[in-house]
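What follows is a single structure, written as structure tokens, with notes after it.
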Number of protein chains: 2
Amino acid sequence: MLTTSEENYLKTIYNLSESGKKQVSTNSISKFLKTKPSSVTDMIKKLSAKKLLYHKKYKGTNISSNGKKLAIQIIRKHRLWEVFLFEKLNFKWDEVHKIAEELEHITNEKLIEKLDKYLKYPKIDPHGDPIPNKNGEINIKPKIKLSNLLINNNCIVSNVNDDDGNLLEYLNKIKIHIGSKIKVFDIIEYDKSIEIEIDSKNKVFISNRVAENILVTKIN
Amino acid sequence: MLTTSEENYLKTIYNLSESGKKQVSTNSISKFLKTKPSSVTDMIKKLSAKKLLYHKKYKGTNISSNGKKLAIQIIRKHRLWEVFLFEKLNFKWDEVHKIAEELEHITNEKLIEKLDKYLKYPKIDPHGDPIPNKNGEINIKPKIKLSNLLINNNCIVSNVNDDDGNLLEYLNKIKIHIGSKIKVFDIIEYDKSIEIEIDSKNKVFISNRVAENILVTKIN
DNA sequence: TAAATAATTTAGATAAAGCTAAAAATATTT
DNA sequence: AAATATTTTTAGCTTTATCTAAATTATTTA
Ligand SMILES: [Mn+2]
Ligand SMILES: [Mn+2]
Ligand SMILES: [Mn+2]
Ligand SMILES: [Mn+2]
């Protein structure tokens, strides 16, 4: 059994190693979790001793297959709770992450199975992220950055960086959410900002930075 | 903001002081929480410093009005989660307490309000205990021990000691649950065991000890 | 490539929540 | 009213998860 803190580290290291190189740096973990690098080093030692990570001093960390399994189950819980909060309690999709960050640490096999059933075995969470099944299998569909589309491309928003509350709030305001249909109208050469049409209604300009943090699946 | 441990102590002290004398002993807390008396003394100091308890060395502890308010809100959360687990996730009524013991510590005003609404503002939990409202008001109805009834009395089971897993399991087996209608058929003088009829169906004998731990409201 | 800079680890400290063993206060028996 | 037993507190220790400051290793730059 892992402590809440161990679980948070493990999940972070899993996420960082999925979204980039396999070797995760101490600083990147520290930055994400807002703890000091020395604290990260301590925790890496603990998790390595439990064979959930491999670590080479001064070089970097990568997750073991046992660590991966555990991390995926935490992510499963996190995303199922997000669905519950969003669909049943009617939270907005930018409010669910923080609460799920706590709920994910409640350990009770039966609880999560019953929750899954109650929610009718959802496949994606409110941010468009896939929900691993009981066996840890994840159904991943190819996603690209909205910033990579060309003029007249159409797409469905499938994912948004949910670690930044400000971004989520902004997208809420301009009515972009998971499942929104977006058409690229124009791309401004000067600053790479783009003009888009959301759900065949409002047209807005968004900065390149924003477009970089919205992942979509192309539909033509 | 209180830690999980502080919350558990505060709730325990509130419960002990409700069900008995106002002065709660260090040993009784220790017994209930399965920690050592010395650990209890430490925590009493911490909570006293926060003005949630009053404590006189070697004499005893009682809860302050601030402490009471906080304790009641924790109990509110506990019981609402129990309703969720029982009604929505279909847990048995003897399984919900343990899980709610963890869920009650998730602190988010909006979460508990939305949960309350979602559950349609329930008045009692699956063990028959009243659920305090947002303002901490509790609607308490008079309850008596099943062991205090006389022959031919009828009653509704309203409450069962939910701290003892074994008792709950046993009652589940003989199909006694909150809301069950019970008629006292016979009282055995020798050991005060009683013969009861449950929901106008099965007749069973239960020991005096069991009857002492079932609270009911008389219906005639 | 040597110096400067950045990243990482180590050493040592702190706070929370528990523990054991011993001391002190209170309660109960002879 | 002593003696004995029980309850409670104190003193000191442990583990977990943080931190700061200093040391070490790796990387970048001049
Ligand atoms: Mn978390
Ligand atoms: Mn999510
Ligand atoms: Mn609890
Ligand atoms: Mn209950």
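Because the structure is a prediction, the values reported are computed rather than measured. To find a chain, count down the sequence lines: A is the first, B the second, and so on, and within it residues start at 1.
Contacts classified as ring pair (Phe, Tyr, Trp, His ring centres under 6.0 Å) and involving residues 17-68 of chain B (residues at least two apart or in different chains) are not found. Residue pairs satisfying the ring pair (Phe, Tyr, Trp, His ring centres under 6.0 Å) criterion with at least one member in residues 63-89 of chain B, sequence neighbours excluded, are listed as follows: A:Phe84-B:Phe84, B:His78-B:His97, B:Trp81-B:Phe84.
Residues passing the salt bridge (charged side-chain N to carboxylate O under 4.0 Å, His left out) test with A:Lys69, sequence neighbours excluded: none. Not counting sequence neighbours, the partners of B:Lys11 by the salt bridge (charged side-chain N to carboxylate O under 4.0 Å, His left out) test are B:Glu101, B:Glu104. The salt bridge (charged side-chain N to carboxylate O under 4.0 Å, His left out) search around B:Glu189 returns B:Lys192, not counting sequence neighbours.
Going from atom NZ of B:Lys36 over to atom C1' of D:dT14 covers 16 Å, rounded to whole Å. Atom CG of A:Leu47 is separated from atom P of D:dT16 by 12 Å (rounded to the nearest Å). The distance from atom OH of B:Tyr9 to atom C1' of C:dA16 is 12 Å, rounded to the nearest whole Å. As rounded to whole Å, 9 Å separates atom P of C:dG18 from atom CG of B:Asn8.
In terms of phosphate contacts, A:Ser5 brings a side-chain nitrogen or oxygen within less than 4.0 Å of OP1 or OP2 of D:dT18.
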(request) Assess whether salt bridge (charged side-chain N to carboxylate O under 4.0 Å, His left out) is satisfied between A:Glu109 and A:Arg76, documenting all intermediate values. (result) CA-CA 12 Å; A:Glu109 185 84 9; A:Arg76 168 169 158 80; over 6 Å; no

(message) What does the B/S/- profile of nucleotides 7-12 of chain D look like, 5' to 3', with a 4.0 Å heavy-atom cutoff to protein?
(response) SBBB--

